[in-house]
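The block underneath contains the structure these notes are about, expressed in structure tokens.
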Amino acid sequence: MMPAPIHTGSRVVRRLLVLIALVLIVSGGAAYWWLNHPIVAAGETLELAIEPGTTPRGVARDVVATGARVDARLLYAWFRVSGQDRAIKAGNYEIPPGTTPIGLLQKLARGEEALRALTLVEGWNWRQVRQALAREDQLRPDSAPLTDEALMAQLGRPGVHPEGRFFPDTYTYAKGSSDLALLRRALHAMDRRLEAAWAQRAADTPLQSADQALILASIVEKETGKARDRGQIAGVFANRLRAGMLLQTDPTVIYGLGEKFDGNLRKRDLQADTPWNTYTRTGLPPTPIAMPGKASLLAAVQPDATRALYFVAKGDGTSHFSASLDEHNRAVNRYQRGQ
């Protein structure tokens with residue numbers, strides 16, 4: 001009887017399959033380790049700028065150029081294998097310590113750019129806004145060489161004075177973005193806030209337009225020491241406008257003095273006529289004098305019902321309100337002159 005043949009070929013195939021499986025396991029393990037291994041050292045934050053039109057291969061090279069500890073060829077291969085290579089977005093990114101190839105691709109595909117924030121403060125005037133923009137070294141200063149007139153034309157508001165036209169809020173922006181883009185957002189935000197406030201105006205308001213509401217709101221913003229007085233201050237100005245009285249508000253005089261104001265308002269300043277001097281000119285000034293917040297906008301169109309025609313600062317942030325000149329003079333003597 002002949003012995004059973006030995007299937008040598010079958011054993012070789014099985015061994016090859018086992019070897020291939022082992023290689024795949026090892027390769028898979030290495031790939032898993034690589035994809036989850038940090039490419040940025042602890043304590044480092046790398047800045048990556050991806051220009052529009054950069055290819056995935058170019059992005060991989062740019063990542064390495066920032067100082068990331070990774071092979072550009074492997075990174076590009078990962079972009080391709082993941083199927084998200086075409087989802088990578090241009091922009092300015094910060095790559096923090098511990099970022100892995102997986103985390104990096106997620107950030108780039110989602111467009112999670114490095115963001116900064118700028119706060120425009122209630123009560124700031126336009127000069128202060130310009131100064132704040134100039135201090136933001138991560139904003140592209142496209143507005144810097146422009147005159148106020150040219151800047152407003154760029155924003156689609158030719159002939160409009162910039163004062164008070166930007167809503168005070170905190171705005172985030174991507175590093176390297178234009179300061180004009182941020183101003184455009186603030187401009188549209190004020191448009192929306194002003195439109196909403198004007199739609200809620202009191203039936204007996206002496207104001208003729210939303211622009212007048214913005215001007216009055218800016219005065220209320222500068223006159224308000226305590227939030228609880230805001231509505232009554234607006235009520236005083238509304239009463240004066242109805243009666244045709246001079247508004248006689250110091251912040252408008254200070255605004256008219258501009259950079260000449262040294263912090264001390266003198267009698268001669270109150271008598272020096274400018275378009276914003278409400279001691280020498282009746283009605284509202286020609287433009288806002290600052291950026292009013294939401295509360296001041298609402299106070300301007302919905303002032304408190306009051307008989308008061310005067311108010312004076314009490315020295316603690318609040319104001320004393322008077323319906324007659326005699327009462328007001330007594331309050332001035334008490335709170336301003338210490339009598």
Side-chain angles (χ1 to χ4, degrees), residues 121-125 164 168 193-194 197-198 200-210 212-257 261 263-267 269-271 276-285 287-339:
V121 180
E122 294 177 355
W124 271 5
N125 60 32
R193 295 288 189 178
L194 180 58
W198 186 242
Q200 301 174 62
R201 63 190 181 276
D204 62 344
T205 180
L207 303 173
Q208 302 298 312
S209 66
Q212 287 192 356
L214 182 62
I215 294 170
L216 179 56
S218 73
I219 298 173
V220 172
E221 188 70 59
K222 296 300 289 185
E223 283 281 17
T224 304
K226 292 288 185 180
R228 68 171 186 249
D229 288 345
R230 189 177 280 118
Q232 201 162 0
I233 287 173
V236 168
F237 289 133
N239 289 343
R240 282 177 165 257
L241 287 172
R242 292 190 189 95
M245 297 174 65
L246 293 168
L247 295 186
Q248 295 182 315
T249 170
D250 293 354
T252 61
V253 178
I254 293 170
Y255 182 83
L257 293 173
F261 179 63
N264 185 21
L265 192 63
R266 303 171 179 84
K267 183 177 181 180
D269 297 326
L270 301 179
Q271 297 172 340
W276 291 271
N277 190 336
T278 53
Y279 283 82
T280 61
R281 301 195 182 196
T282 58
L284 292 164
T287 71
I289 61 171
M291 295 185 299
K294 178 182 178 182
S296 292
L297 287 169
L298 289 176
V301 298
Q302 295 180 346
D304 288 356
T306 177
R307 295 175 55 248
L309 290 169
Y310 309 88
F311 63 91
V312 63
K314 294 166 64 175
D316 60 358
T318 63
S319 298
H320 179 91
F321 296 87
S322 305
S324 69
L325 182 58
D326 285 344
E327 181 187 354
H328 176 64
N329 287 335
R330 289 194 297 271
V332 170
N333 287 333
R334 176 180 178 184
Y335 294 113
Q336 299 290 311
R337 297 170 183 160
Q339 298 175 11

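The shown structure was predicted, so the numbers you read here are calculated from the model rather than taken from an experiment. The first residue of the sequence shown is numbered 1, and numbering continues consecutively from there.
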If you take all heavy atoms of Ala213 and Ala300, which pair is closest and at what distance? O-CB, 3.7 Å

So do Val301 and Trp198 actually touch side chain to side chain, heavy atoms under 4.5 Å? yes

Side-chain (Thr278) to main-chain (Thr249) donor-acceptor, under 3.5 angstrom: yes

If you define the side chain from C-beta out and look only at heavy atoms, does anything of Ile219 sit under 4.5 Å from Pro251? no

Can you find a heavy atom in the side chain of Thr224 that is under 4.5 Å from one in the side chain of Lys222? no

Compare every heavy atom of Gly244 with every heavy atom of Thr282, then report the nearest pair and how far apart it is. CG2-O, 4.5 Å

Within the 4.5 Å heavy-atom criterion, are Leu297 and Leu194 side-chain neighbours or not? yes

Are side-chain heavy atoms of Val220 and Arg230 found at a separation under 4.5 Å? yes

Donor-acceptor check, side chain of Arg281 to backbone of Tyr279, threshold 3.5 angstrom: yes or no? no

Would you say the side-chain atoms of Gln208 pair up with the backbone N or O of Pro206, donor to acceptor, closer than 3.5 Å? yes

Of all residues at least two apart in sequence or in a different chain, which pass the ring-ring contact (aromatic ring centres under 6.0 Å, His included) check with Trp276? Tyr255

Donor-acceptor pair, Asn239 side chain versus Thr306 backbone, under 3.5 Å? yes

Asn277 side chain to Leu270 main-chain N or O, any donor-acceptor pair under 3.5 Å? yes

Does Ser218 use its side chain to pair, donor to acceptor, with the backbone of Ile289 at less than 3.5 Å? yes

Taking all atoms of both residues into account, what is the closest heavy-atom pair of Ala234 and Ala299, and its distance? CB-O, 3.3 Å

Taking Ser319's backbone N and O only, do any of them form a donor-acceptor pair with Asp229's side chain (distance below 3.5 Å, no angle check)? yes

Assess the residue pair His320 and Tyr335 against the criterion (ring-ring contact (aromatic ring centres under 6.0 Å, His included)); give the C-alpha distance rounded to whole Å, side-chain angles, the decisive distance to 0.1 Å, and a yes or no. CA-CA 9 Å; His320 179 91; Tyr335 294 113; 5.7 Å; yes

Tyr310: partners by ring-ring contact (aromatic ring centres under 6.0 Å, His included), with sequence neighbours left out: His328

With a 3.5 Å distance limit and no angle check, can you tell me whether Arg240 reaches the backbone of Leu309 through a side-chain donor-acceptor pair? yes

I'd like to know if the side chain of Gln302 and the backbone of Gln200 have a donor-acceptor N/O pair within less than 3.5 Å. yes

Rounded to the nearest 0.5 Å, what separation is found between the OG atom of Ser209 and the CG atom of Leu284? 9.0 Å

Donor-acceptor contact present, side-chain Thr205 to main-chain Ala202, <3.5 Å: no

Quick check for you: to the nearest 0.5 Å, what is the distance between Glu223 atom CD and Thr252 atom OG1? 8.0 Å

Atom CG in Leu325, atom CZ in Arg330: separation rounded to 0.5 Å? 10.0 Å

Does either side chain, that of Asp326 or that of Ser324, offer a donor lying less than 3.5 Å from an acceptor on the other one? no

I want to check something: taking the side chain as every heavy atom from C-beta on, are Glu122 and Met291 in contact at a cut-off of under 4.5 Å? no

Neighbour count above 12 (heavy atom, 6.0 Å) for Lys294 NZ: no

For the CZ atom of Arg201 and the CG atom of Leu298, what is their distance to the nearest 0.5 Å? 13.5 Å

Hits for salt bridge (Lys or Arg N to Asp or Glu O under 4.0 Å) against Asp204, two or more places apart or cross-chain, chain-then-number order -> Arg242

